[in-house]
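Heavy-atom basis, side chains included; hydrogens, waters and symmetry copies ignored.
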Amino acid sequence: QVQPVESGGGLVQAGGSLRLSCEAPGRTISSYSMGWFRQAPGKEREFVAAISYRGANTDYADSVKGRFTISRDRAKNTLYLQMNSLRPEDTAVYYCNTINYYSDPRRPLYDYWGQGTQVTVSS
């Protein structure tokens, strides 16, 4: 298991957009189902979105459905999270991790977390 590397976070105004990326150096992400999770200050980590290893199936938390899109580029071995219409409540550190899509797509498969990438949405 290789520690994931997240990037793309930043400070944006409400209504803005960001595109997050996730890579796992030395590991073939394309061979695994993947998920995005986030943790806001004072709260536990929560599920955001998931995608099957081939990218045919996706799952989203109700709070982000219609605004966020999870995708993957198998050739680049990279996972993405396109975030549109951002709200202040989206402020959190965002993490990616492997999942078992057909077992429980909303839970991480392993307890190996990267540093995450900070997303701050101002009102």
Side-chain angles (χ1 to χ4, degrees):
Q1 187 71 29
V2 179
Q3 183 173 303
V5 178
E6 301 91 348
S7 62
L11 174 63
V12 299
Q13 295 183 356
S17 300
L18 283 173
R19 183 179 176 86
L20 308 185
S21 298
C22 168
E23 296 180 277
R27 182 180 181 181
T28 305
I29 291 181
S30 297
S31 298
Y32 300 85
S33 297
M34 298 292 295
W36 283 99
F37 303 82
R38 67 186 182 186
Q39 186 169 26
K43 297 184 178 181
E44 65 180 16
R45 192 161 15 226
E46 65 177 357
F47 167 79
V48 176
I51 189 168
S52 59
Y53 83 100
R54 298 186 72 86
N57 300 292
T58 57
D59 186 32
Y60 297 92
D62 289 341
S63 60
V64 307
K65 188 170 296 185
R67 299 188 297 119
F68 292 9
T69 302
I70 187 172
S71 63
R72 65 194 310 161
D73 188 324
R74 296 176 65 83
K76 294 182 178 180
N77 198 36
T78 303
L79 177 74
Y80 301 99
L81 183 67
Q82 178 66 48
M83 306 184 294
N84 298 325
S85 301
L86 284 163
R87 306 165 180 169
E89 52 263 41
D90 294 318
T91 295
V93 177
Y94 284 70
Y95 304 87
C96 64
N97 212 332
T98 54
I99 62 168
N100 186 327
Y101 193 90
Y102 296 102
S103 178
D104 189 349
R106 302 191 171 200
R107 301 283 292 182
L109 185 60
Y110 305 110
D111 196 27
Y112 298 102
W113 301 94
Q115 293 298 308
T117 185
Q118 176 71 51
V119 172
T120 302
V121 185
S122 62
S123 59

Quick one: list whatever passes side chain to side chain contact (heavy atoms under 4.5 Å, CB included) with [X], sequence neighbours left out.
X	answer
Pro105	Ala50, Asp59, Ile99, Tyr101
Leu109	Thr98, Asn100
Glu46	Arg38
Gln82	Ser17, Arg19, Thr69, Asn84

ILVMFWY cluster, Trp36 and Val64 together (side-chain gap under 4.5 Å):
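Linked within one cluster.
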Is it true that Val48 and Leu20 fall in one hydrophobic cluster, defined by side-chain heavy atoms closer than 4.5 Å?
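Same cluster.
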Just grab all the disulfide bond (SG atoms under 2.5 Å apart) pairs involving residues 44-123, residues at least two apart or on different chains.
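As it turns out, the disulfide bond (SG atoms under 2.5 Å apart) pairs with a partner in residues 44-123, which skip direct neighbours, are Cys22-Cys96.
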Which pairs count as disulfide bond (SG atoms under 2.5 Å apart) when at least one residue sits in residues 29-58, sequence neighbours excluded?
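Qualifying pairs, neighbours excluded: none.
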Which residues pass the side-chain hydrogen bond (donor to acceptor under 3.5 Å, both in side chains) test with Asp111, sequence neighbours left out?
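For Asp111 the side-chain hydrogen bond (donor to acceptor under 3.5 Å, both in side chains) partners, ignoring immediate neighbours, are Trp113.
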Please list every donor-acceptor pair under 3.5 Å in which a side-chain atom of residues 116-123 meets a protein atom from a residue at least two apart or in another chain.
residue	atom	partner	partner atom	Å
Thr117	OG1	Gly9	N	2.9
Gln118	NE2	Ala92	O	3.4
Gln118	NE2	Thr120	OG1	3.3
Ser122	OG	Val12	O	3.4

Residues that Tyr53 engages under ring pair (Phe, Tyr, Trp, His ring centres under 6.0 Å), provided they are two or more places apart:
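Per chain and number, Tyr53 pairs via ring pair (Phe, Tyr, Trp, His ring centres under 6.0 Å) with no residue.
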Side chains of [X] and [Y]: closer than 4.5 Å at any heavy-atom pair?
X	Y	answer
Asn57	Ile51	no
Arg45	Phe37	yes
Glu6	Tyr94	no

Under the 4.5 Å side-chain heavy-atom rule for ILVMFWY, direct or indirect, which residues accompany Leu11?
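Hydrophobic cluster check, Leu11: no partners found.
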Hey, does the side chain of Arg106 reach the backbone of Phe47 with a donor-acceptor pair shorter than 3.5 angstrom?
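Side chain of Arg106 to backbone of Phe47: no pair is present.
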Under 3.5 Å, side chain of Tyr60 to main-chain N/O of Ile70, donor-acceptor pair present?
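Looks like yes, one N/O pair under 3.5 Å.
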side-chain hydrogen bond (donor to acceptor under 3.5 Å, both in side chains) contacts touching residues 70-81 (sequence neighbours left out):
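Those involving residues 70-81 do not exist here.
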Starting at CG of Leu86, measure out to CZ of Phe68 and round the result to the nearest 0.5 Å.
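Reported to 0.5 Å precision, the distance equals 5.0 Å.
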Which atom of Gly114 lies closest to which atom of Tyr95, heavy atoms considered:
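Looking at all heavy atoms of both residues, the closest pair is O-CE2, 3.5 Å.
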In chain order, what residues pass the salt bridge (charged side-chain N to carboxylate O under 4.0 Å, His left out) check against Arg107, with sequence neighbours excluded?
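Arg107 satisfies salt bridge (charged side-chain N to carboxylate O under 4.0 Å, His left out) with no other residue.
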